[in-house]
Amino acid sequence: MIHDFLIYFLLIVLIYTIIVMSFNLAVGFTGLVNLGHMVFFGIGAYASALLALSGAPWYLAVPSSALIAALSGAIIAALTVRLKGDYFQIVTLGLVFIAVTLSRNWISLTRGALGLPGVPPIFKDSLHYMIFVMAVFALSVIFFYWLTNSGTGKIFQAIRDDETASSVLGKNTYFYKILSITISTFFAGLAGSLFVHYIKFVDPTIFDLEFFVLILSMLIAGGLASIQGSIAGVFTLGIFVELIRFIDRVPLLSTVLAQHPELIGASRTMVYSVIVIYLLIFRPRGIFGRVEV
Amino acid sequence: MILSLKNVSKTFGGVKAVNKCIFEVEENKITSLIGPNGAGKTTVFNIISGLAEPDSGIIRLGSKNITGLAAHKIAKSGISRTFQLTKVFRNLSVRDNMLIAKKASDDEIKRILKSIYFDKPLDTIASELSYGQQRLLELARALLMPHSLLMLDEPTAGVNPKIRQELKTILRNLRKEGKTVFLIEHDMEFVMDISDTVIVLNEGKVLKVGKPKEIVKDRKVLEAYLGK
């Protein structure tokens, strides 16, 4: 049982880290606060589920779903990245509501609120799947380290610090912002695909804002513009969030929670909210961040 | 002549910031653009560098019409500029700030930095530099980027007298090297000391173009700008 839990925990943490790193590329490295980032995670999950359920092998479904998410990201970015500050955030937040509406009402494709069950797993036993996800995770980390230290990565960071200065130095900021969102959404879609092949089910709750808040909290906790920060943020908050599962076994608390079981679920959100508030006050750059939130 | 503006106008709401502006900037010279606050100097700079689109008029860099081109295309055409309020990439190192302008070796970067009396290590994060050092870094970045025209928006604003004096030397050295510099400046002593040509702007229009000695004696300029 402990073995199964550890595999579950590691799998979730590895998948979440890919999401947070991809989110960090847009927010921390390029300064594009894409509040609709989890939409592309959902697109990846739905695309992979639909492809796999229609008989496509995983080695086609997984990369294709990431590419579908990236293409969607590129189109959305081309339409929105010229918007400045709050306007960009409001529009990208609107994507979440569009995604929820579409996934609930496009019944012929998504089966609405019933979701898509029976997504075939890539490996039958979860240990092998964990090793596979670990390999994808390792390649993702290497890619993000390479990208963020490359010339293109430095241009992303220059745009974050000052877009006007970047443009008068000959950089086509519109192109680079689209590129950043495209790469970022590719990895969000990839994570969504890995997630759905593990959970074997997807429904519109994948777009829930609560999930986004968790990912955002992990990003803030780890720190902006830092790959090691993304990893640290997910592991730190991930451990806390998972430990909450056992909160009803803590003496004293167990009595209270036995009388008010509804507090068990809420306490999870409360714990990571408290951690994020603490960090914002006492360590505004997060654990490893190089840029203030 | 490297830069020419013909009948360039720009309106913000009901305000004519630039009104049928006509002037030329000569090659291998230092040309200063002066005028009272609100005269439209920075708007002219923004229009030339593509950060604002003119309502009408034509801008040429050499023989190329650059009117209304995007800022990054104008930069690639050969215009390099700095800003009134320093725009360094605060979270990047000195080296990375420079590399955004152009791929260059550490030796080339150090050579440019040395030429403008900048002596901080390349790994220093830009936000850790003093304001004056940040202005120098911005100037170094503009110098590193391949250009035929260097535009400086109030290079002496907010810097200490030592750096101000160094800036004079830097600009004179650039002229010696055959560079063309076009600058906005409020410090009249600085302008009169280093400029080959001065363009006076008032209410968006060119009031007078001439040599510094002619400008200081011009009655219209004195009335409009110096208030005498």
Side-chain angles (χ1 to χ4, degrees), chain A residues 24-33 78 81-82 84 145-180 219-220 222-230 284-286 288-293, chain B residues 42 45-52 66 69-104 123 125-128 134-135 137-153:
Chain A
N24 211 343
L25 181 69
V27 180
F29 286 97
T30 321
L32 293 165
V33 184
V81 293
R82 283 207 168 103
K84 303 286 178 196
Y145 264 111
W146 168 80
L147 177 67
T148 53
N149 287 297
S150 70
T152 302
K154 297 294 178 190
I155 293 169
F156 289 163
Q157 292 165 69
I159 291 170
R160 172 202 62 206
D161 282 0
D162 202 309
E163 189 176 345
T164 305
S166 306
S167 64
V168 301
L169 289 169
K171 303 296 174 263
N172 183 348
T173 58
Y174 178 64
F175 166 78
Y176 281 104
K177 288 200 285 187
I178 293 173
L179 182 65
S180 170
L219 174 73
I220 293 169
L224 297 181
S226 163
I227 299 302
Q228 63 266 46
S230 296
R285 290 190 175 207
F288 286 118
R290 294 192 302 186
V291 182
E292 276 197 19
V293 176
Chain B
T42 296
F45 257 41
N46 287 344
I47 290 171
I48 295 168
S49 54
L51 296 176
I66 58 164
L69 288 182
H72 69 275
K73 287 185 181 166
I74 290 178
K76 284 185 175 165
S77 301
I79 292 183
S80 190
R81 73 165 285 185
T82 64
F83 292 84
Q84 191 176 347
L85 295 171
T86 307
K87 284 183 173 290
V88 293
F89 304 120
R90 294 182 55 77
N91 296 292
L92 296 186
S93 66
V94 168
R95 179 190 287 106
D96 287 339
N97 262 273
M98 297 293 279
L99 289 175
I100 297 295
K102 186 188 136 190
K103 278 185 186 170
D123 291 324
I125 299 297
S127 61
E128 292 166 7
Q134 287 185 21
R135 288 206 80 99
L137 173 59
E138 193 189 20
L139 173 60
R141 210 174 56 185
L143 286 170
L144 182 64
M145 196 181 84
H147 63 274
S148 51
L149 173 66
L150 178 66
M151 302 198 336
L152 310 175
D153 194 348

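Please read these numbers as outputs of a predicted model, since none were measured by experiment. Quick note on labels: first sequence line is chain A, next is B, and so on, each numbered from 1. Values below: all heavy atoms of this structure, side chains included; hydrogens, waters and symmetry mates excluded.
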K.L.:
Report the option among Ile159(A), Thr173(A), Val168(A) that has the most heavy-atom pairs separated by less than 4.5 Å from atoms of chain B.
P.N.:
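The answer is Val168(A).
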K.L.:
Specify the closest pair of heavy atoms between Asp161(A) and Asn91(B), including all atoms of both residues, with the distance to one decimal.
P.N.:
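Heavy atoms of Asp161(A) and Asn91(B) come nearest at OD2-N, 2.8 Å.
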K.L.:
Dump the intermediate steps for side chain to side chain contact (heavy atoms under 4.5 Å, CB included) on Leu51(B) and Ser167(A), then the final yes or no.
P.N.:
CA-CA 9 Å; Leu51(B) 296 176; Ser167(A) 64; 3.9 Å; yes
K.L.:
Start with the C-alpha gap between Phe89(B) and Leu169(A), add the side-chain angles, then the distance that decides, and say whether side chain to side chain contact (heavy atoms under 4.5 Å, CB included) holds.
P.N.:
CA-CA 12 Å; Phe89(B) 304 120; Leu169(A) 289 169; 3.7 Å; yes
K.L.:
For Ala70(B), is it the side chain, the backbone, both or neither that has a heavy atom under 4.5 Å from a heavy atom of chain A?
P.N.:
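Neither the backbone nor the side chain of Ala70(B) comes within 4.5 Å of chain A.
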K.L.:
Nearest 0.5 Å please: distance from the OG atom of Ser93(B) over to the CD atom of Gln157(A).
P.N.:
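Going from OG on Ser93(B) over to CD on Gln157(A), the span is 9.5 Å.
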K.L.:
With side chain to side chain contact (heavy atoms under 4.5 Å, CB included) as the criterion, how do Lys87(B) and Thr164(A) come out once you've worked through the C-alpha distance, each side chain's angles and the decisive distance to 0.1 Å?
P.N.:
CA-CA 8 Å; Lys87(B) 284 183 173 290; Thr164(A) 305; 4.2 Å; yes
K.L.:
Is it the backbone or the side chain of Ser166(A) that comes under 4.5 Å from a heavy atom of chain B, or both, or neither?
P.N.:
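It is both, since atoms from each part get that close.
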K.L.:
Closest heavy-atom contact between Lys171(A) and His72(B)?
P.N.:
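Smallest heavy-atom distance, with atoms named: O-CB, 3.4 Å.
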K.L.:
With a 4.5 angstrom heavy-atom cut-off, which part of Ile100(B) approaches chain A: side chain, backbone, both or neither?
P.N.:
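Both parts, backbone and side chain.
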K.L.:
How close do Gly170(A) and Lys76(B) get, counting heavy atoms only, and between which atoms?
P.N.:
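Gly170(A) and Lys76(B) have their closest heavy atoms at O-CE, 3.2 Å.
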K.L.:
Go through the atoms of Ile74(B) and report whether side chain, backbone, both or neither lie under 4.5 Å from a heavy atom of chain A.
P.N.:
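Neither part.
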K.L.:
Roughly how far, to the nearest 0.5 Å, is CZ of Arg160(A) from CZ of Arg90(B)?
P.N.:
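Those atoms lie 11.5 Å apart.
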